[in-house]
Amino acid sequence: KHMEVGAVVGAVKVGNYQRQSLVPGDIVVMIGGRTGRDGIQGASGSSVEHTSDSLETAASQVQKGNAPEERKLQRLFRRPELTRLIKKCNDFGAGGVCVAIGELAEGIEIHLDKVLTKYQGLNPTELAISESQERMAVAIDPADYQAFVDMCRAENIEYAHVATITDRRRLEMFYGQEKVVDMGADFLATAGVRQHAKARLVLAELASLNVTCQKGLAQQFDASIGNSTVLMPFAGKHQLTPVQASVQALPTLHSTSDTATILTYGFIPKISHYSPFLSAIYAVLESVAKVYAVGGTKESLYFSFQEYFEKLGQDPAKWGKVTQALLGSL
């Protein structure tokens, strides 16, 4: 099976946002879709081996999209009078409430019974780790709460005040009057446990990877959606030459003729077989070179390293590949 990797680039006009540290008393409002059991263990499930039995045993790991709700959130966040109220904001992905709200501040009190649900019967654990989509956690000053929710109502978006920032430097979760989670910020900063594995570095030429036309795969996706694509995936006289970068205009209400985003990647299979260390080095160089080739600059360049390896277990040789790639990328 083939592997597909995607990314999303977001943009906001300068002056339409603020970046502030949260202070005790600030509140967290959960907006958008309701919470259900879909997506539970989605993050960990994406990294385990699946078989045909997974259709029956792992269906709850699959997140369910909600396009109408997503579009309402997009309209809401295009309002500068709203985005200027937001101190910090997280979307709900892997880990659900635990991550999206729990990482906003070192001291936070979360009331799981305030979370709006798709149906009755969810227990505190399910409420805390559900990865239901189209949800946002927005931290604001309590003085701005009424103005914020008025704009949510205008877009027909549901909202709930589910958490408050504290000065106790603890992640606390309540379900009604019962405290179900109480962890110190210092403990969370350690990731709970340190793991150790031996690494044996192996440098050996294995085999070349075949280079084939990928146009068939690319054609499964409509690159013209939204009219934001500046460079189509394949160019040249016969539209067979892959372009070096994904260049997209910003999806604003009014066209921006002088601003676009550039997204590139770097990966050379043959070098990866030969050396994970060199593969990581050239992945960085290749992706940067592609950015420069289409007019990008280093001043506005960011890296997002995505890595994929076989099951590691306790095999030192396999851990050696990871170690080499990490050293190479750095």
Side-chain angles (χ1 to χ4, degrees), residues 8-36 38-39 63-93 95-105 107-119 127-128 130-166 225-228 248-256 259 261:
V8 175
V9 179
V12 63
K13 185 177 180 181
V14 173
N16 286 354
Y17 64 89
Q18 58 174 329
R19 284 181 175 174
Q20 294 188 16
S21 298
L22 302 184
V23 298
D26 283 343
I27 62 176
V28 179
V29 184
M30 194 168 161
I31 65 174
R34 292 194 168 212
T35 299
D38 51 299
Q63 303 164 346
K64 296 181 176 65
N66 186 334
E69 199 69 32
E70 180 182 23
R71 180 53 57 89
K72 288 192 291 184
L73 288 172
Q74 290 174 340
R75 286 200 302 262
L76 180 70
F77 277 79
R78 278 176 167 169
R79 302 181 64 164
E81 61 271 27
L82 177 127
T83 56
R84 294 190 192 109
L85 301 180
I86 299 173
K87 288 187 170 184
K88 276 189 176 181
C89 180
N90 265 344
D91 71 316
F92 280 76
V97 167
C98 293
V99 176
I101 300 180
E103 70 178 13
L104 288 172
I108 190 164
E109 180 180 302
I110 303 171
H111 291 268
L112 296 172
D113 51 300
K114 303 294 184 183
V115 174
L116 301 179
T117 59
K118 297 178 179 180
Y119 32 76
L127 291 168
S130 167
E131 297 175 18
S132 294
Q133 293 298 283
E134 277 62 77
R135 300 180 298 164
M136 302 291 291
V138 181
I140 60 175
D141 189 299
D144 296 326
Y145 177 74
Q146 192 58 52
F148 182 85
V149 299
D150 285 346
M151 285 182 272
C152 288
R153 289 197 194 103
E155 296 291 351
N156 195 28
I157 292 175
E158 292 188 305
Y159 58 88
H161 170 198
V162 299
T164 302
I165 307 304
T166 72
I225 289 293
N227 298 323
S228 66
Q248 304 290 332
L250 302 183
T252 55
L253 293 177
H254 306 287
S255 63
T256 55
T259 306
T261 62

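Owing to the predicted nature of the structure, the values given are computational and were not obtained by experimental measurement.
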- Rounded to the nearest 0.5 Å, how far does CZ of Arg78 lie from OG1 of Thr83? 12.5 Å
- Does one side chain, of Asn66 or Glu70, offer a donor that lies under 3.5 Å from an acceptor on the other? no
- In this structure, are over 12 heavy atoms from other groups packed under 6.0 Å from Arg19 atom CZ? no
- Item | Minimum heavy-atom distance between Ile101 and Ala163, given as atom pair plus value | CG2-CB, 3.9 Å
- Out of curiosity, Leu22 CG to Ile140 CD1, how far, rounded to the nearest 0.5 Å? 11.0 Å
- If you take all heavy atoms of Ala100 and Ala137, which pair is closest and at what distance? O-CB, 4.1 Å
- Excluding sequence neighbours, so at least two apart, what forms side chain to side chain donor-acceptor pair (under 3.5 Å) with Ser130? Ser132
- Task: May I ask you to test the Phe77-Val12 pair for a side-chain heavy-atom distance under 4.5 Å?
- Result: no
- Does some side-chain heavy atom of Lys72 sit less than 4.5 Å from a side-chain heavy atom of Asn156? yes
- Ion pair Lys88/Asp26, N-O distance below 4.0 Å: no
- At what distance, to the nearest 0.5 angstrom, does CZ of Arg84 lie from CZ of Arg79? 11.5 Å
- Note on the structure: Correct closest heavy-atom pair for Cys89 and Ile86 would be CB-CG2, 3.8 Å
- Query: Where does the angle between the aromatic ring planes of Tyr145 and Tyr159 fall among parallel (under 30°), tilted (30 to 60°) and perpendicular (over 60°)?
  - Reply: perpendicular
- Message: For a quick check under 3.5 Å, do Gln248 and Thr261 share a side-chain donor-acceptor pair by atom type?
- Response: no
- Message: Show, in sequence, the C-alpha distance, side-chain angles and deciding distance for Ile157 and Arg75, and conclude whether the side chain to side chain contact (heavy atoms under 4.5 Å, CB included) test is met.
- Response: CA-CA 10 Å; Ile157 292 175; Arg75 286 200 302 262; over 6 Å; no
- Can you measure from CE (Met136) to CG (Leu76) and round to the nearest 0.5 angstrom? 9.0 Å
- Note on the structure: Between Cys152 and Ile31, the two heavy atoms sitting closest are SG-CG2, 4.1 Å
- Message: Applying the side chain to side chain contact (heavy atoms under 4.5 Å, CB included) criterion to Val162, which one of Val115, Ile27, Leu112 satisfies it?
- Response: Val115
- Give the C-alpha distance, both sets of side-chain angles, the deciding distance and a yes or no for side chain to side chain contact (heavy atoms under 4.5 Å, CB included) between Thr117 and Leu127. CA-CA 8 Å; Thr117 59; Leu127 291 168; 3.6 Å; yes
- Working for side chain to side chain contact (heavy atoms under 4.5 Å, CB included), residues Phe92 and Thr35: CA-CA 10 Å; Phe92 280 76; Thr35 299; over 6 Å; no
- Note on the structure: Residues at least two apart in sequence or cross-chain that pass side chain to side chain donor-acceptor pair (under 3.5 Å) with Gln133, listed by chain then number, are Gln63
- Message: Among residues at least two apart in sequence or on other chains, which ones pass side chain to side chain contact (heavy atoms under 4.5 Å, CB included) with His111?
- Response: Glu109, Asp113, Lys114, Phe174
- Query: Measuring from Leu116:CG to Glu158:CD, what's the distance to the nearest 0.5 Å?
  - Reply: 5.5 Å
- Query: For Arg71, does the CZ atom have more than 12 heavy-atom neighbours from other residues, nucleotides or ligands under 6.0 Å away?
  - Reply: no
- Query: Closest approach of Arg34 and Arg135, non-hydrogen atoms and distance?
  - Reply: O-CD, 4.1 Å
- Item | Atom pair CG/CG of Asp144 and Leu82 - distance to nearest 0.5 Å | 10.0 Å
- Message: Just so I know, are the side chains of Leu104 and Asn90 near enough to count as touching, which here means a heavy-atom distance under 4.5 Å?
- Response: yes
